[in-house]
Amino acid sequence: MKTIIKNGMVVTSGSTFKADILIQGDSITSISSDITPEPSDKIIDAEGQYVFPGGIDVHTHLEWPLMDTETADDFVSGTRAAAVGGITSIINFTKPKKGASLIATQEEWIEKGKKSVIDYGLHAIINEYSDRVLEELPILAETYGVGSIKLFMAYKGEMMVNDLEMYKIMKKAGELGVITNVHAENGDIIDEMIAQALAEGNTDPIYHGYTRPTIMEAEATGRALAIAEAANAPIYIVHVSCSEALEKVVEAKKRGVQAFAETCPQYLVLDISYLDQPNFEGGKYVCSPPLREKWNQDVLWNGLQTGMISVAGSDHCPFRFHDQKAMGKDNFSKIPNGLPGLEDIFSILYHFGVHEGRISLNQFVEIISTNPAKIFGIPKKGDISIGYDADLVILNPNGSRVITSASQYQNVDYNAYEGLEVQGIITNVLSRGEVIVKDGQFIGDAGRGKYLHRNRRHNRDSLFHSPKNDQATETIR
Ligand code: DUC
Ligand code: ZN
Ligand code: ZN
């Protein structure tokens, strides 16, 4: 059976035009001003609506152990929420147990991911250094299509690696064309600040913000970029939250470092005042890096406008408020770090970005779909083009909705954006040609998602050498 999406306004990173889209099997086979249906064809009328390439969220933590607990969404509930929210592919993080091989870990996480309702890839976290890591990296890259790893500069004892370890790992990754995601915060100094705050009797969630200052994110960001430069390796700084850290990225791009930056909706829309609420409400907003002073939001939007920030990822890391966040009721350092966001990232970026005039429709597609596919080497996704996967999101720009945990698919008892009204309603979502969201309701099956065996290098290089990147001039503030 063929499917035709008729009369929609097709939006890609490069253009916006009215067209019909013909889908056969998994793929887009024709894009034309008027495709005549045959009687057996399934028709989706998208008159008055936008048709976007499916969102690609390259920053998720489903089924992810952290701080003696595990995130509240598994690959079923998390990817279902993603689909309803316009995300048709994710890249989740693995997490090796101490001493475990990276290959065995990858196998274990591919197995976990098989429940997914949308396509999923995996970034391999490396949370301790050994010579074996360097031996396993080529196997991960070549046999498992793992084009990206992740290193942490914080979470000492659980995940943090030191500078020399980073250098050795990034050097090897760079030789293989594998990009390194980096969580950039100075873990040593943050741990000291936390100990000091607790010793002074300061236990409320707001101290999470005070003990992880912007300068410690900027310092680690600059150091990571310098190590990448010395190792001649591509680097992707996850969740840039503040102006000082973004400045480090811009400086590095100017020097020619193969650097990309990501920010997240929580840093674009929420601010540090959310941590400072009575009755432990602030605990809901504990994530790392922490929410920042509001003025940083304009700088981050500017980074997206100018291409200095290439991607918006959700950093979906959900913990229930009533029992998981509550672990830190008397001690902010025990609050599991993370916010839910996978279900709403597409809407929030559309509303605050496109609807409120901060970015264009085409920039929106670039940030939420095209750039993630290019940077992380996802073949046949991130665009609406013949031969590409029919991963498509149809959005009615004339409708609006109020975000609330009462109607969410995320398996968590709150929503960080509760009560926000956003313009634009996602009506239909297709994943490889199959309608998995119809009239806003999920109708797909668990287990239909496929593991993304990723390419390395080629698409990312074309993006790195784009005119925008080459112009990394005084673009912030
Ligand atoms: N930050 C979070 O808030 N959660 C997961 C880990 C991280 O880096
Ligand atoms: Zn992180
Ligand atoms: Zn994260």
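The basis for the numbers below is simple: all heavy atoms, side chains too, and nothing from hydrogens, waters or symmetry mates. We count ligands from 1, going down the list as the structure has it; atoms in each ligand are counted the same way.
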Answer with yes or no whether the side chains of [Y] and [X] bring together a donor and an acceptor at under 3.5 Å.
X    : Y    : result
S101 : R132 : no
S333 : N331 : yes
S243 : R292 : no

Atoms in ligand 1 flagged as close to [X], the criterion being non-hydrogen separation under 4.0 Å:
X    : answer
G338 : 3 (O), 4 (N)
C287 : 3 (O)
H239 : 8 (O)

May I ask you to identify the nearest protein heavy atom to [atom], giving residue, atom name and distance to one decimal place in Å?
atom                   : value
atom 1 (N) of ligand 1 : S288 O, 2.8 Å
atom 7 (C) of ligand 1 : Y155 OH, 3.4 Å
atom 8 (O) of ligand 1 : H183 ND1, 2.8 Å
atom 5 (C) of ligand 1 : C317 SG, 3.3 Å
atom 4 (N) of ligand 1 : N337 O, 2.9 Å

Give me the one residue out of I237, V240, T221, N302 that meets side-chain contact (heavy atoms from CB on, under 4.5 Å) with L246. V240
Can the ring centres of H322 and Y414 be said to be less than 6.0 Å apart? no
Between L66 and N337, what is the shortest heavy-atom contact and its length? CD2-O, 3.4 Å
Hey, is the Zn ion (ligand 3) within less than 2.8 Å of some N/O/S atom on C317?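 Within the cut-off used here (under 2.8 Å), C317 places no N, O or S atom near the Zn ion (ligand 3).
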Is atom NZ of K171 surrounded by more than 12 heavy atoms (other residues, nucleotides or ligands) closer than 6.0 Å?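 Not more than 12 within 6.0 Å, no.
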Kindly give the atom name of the N, O or S atom of D315 closest to the Zn ion (ligand 3).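 The D315 atom nearest to the Zn ion (ligand 3), restricting to N, O or S, is OD1.
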So, taking the atom named CG in D391 and the one named OG in S89, what distance separates them when rounded to the nearest 0.5 Å?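 If I round to the nearest 0.5 Å, the distance is 5.0 Å.
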Is D445 close to V117 at the side-chain level, that is, under 4.5 Å between some pair of heavy atoms? no
Does an N or O anywhere in W64 fall below 3.5 Å from an N or O of ligand 1?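 No, since none of the N or O atoms of W64 sits under 3.5 Å from an N or O of ligand 1.
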If you measure every N/O of K150 against every N/O of ligand 1, is any gap under 3.5 Å?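 In fact, backbone or side chain, K150 has no N or O that close.
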With the Zn ion (ligand 2) as the reference point, give the N/O/S atom of H183 that is nearest. ND1
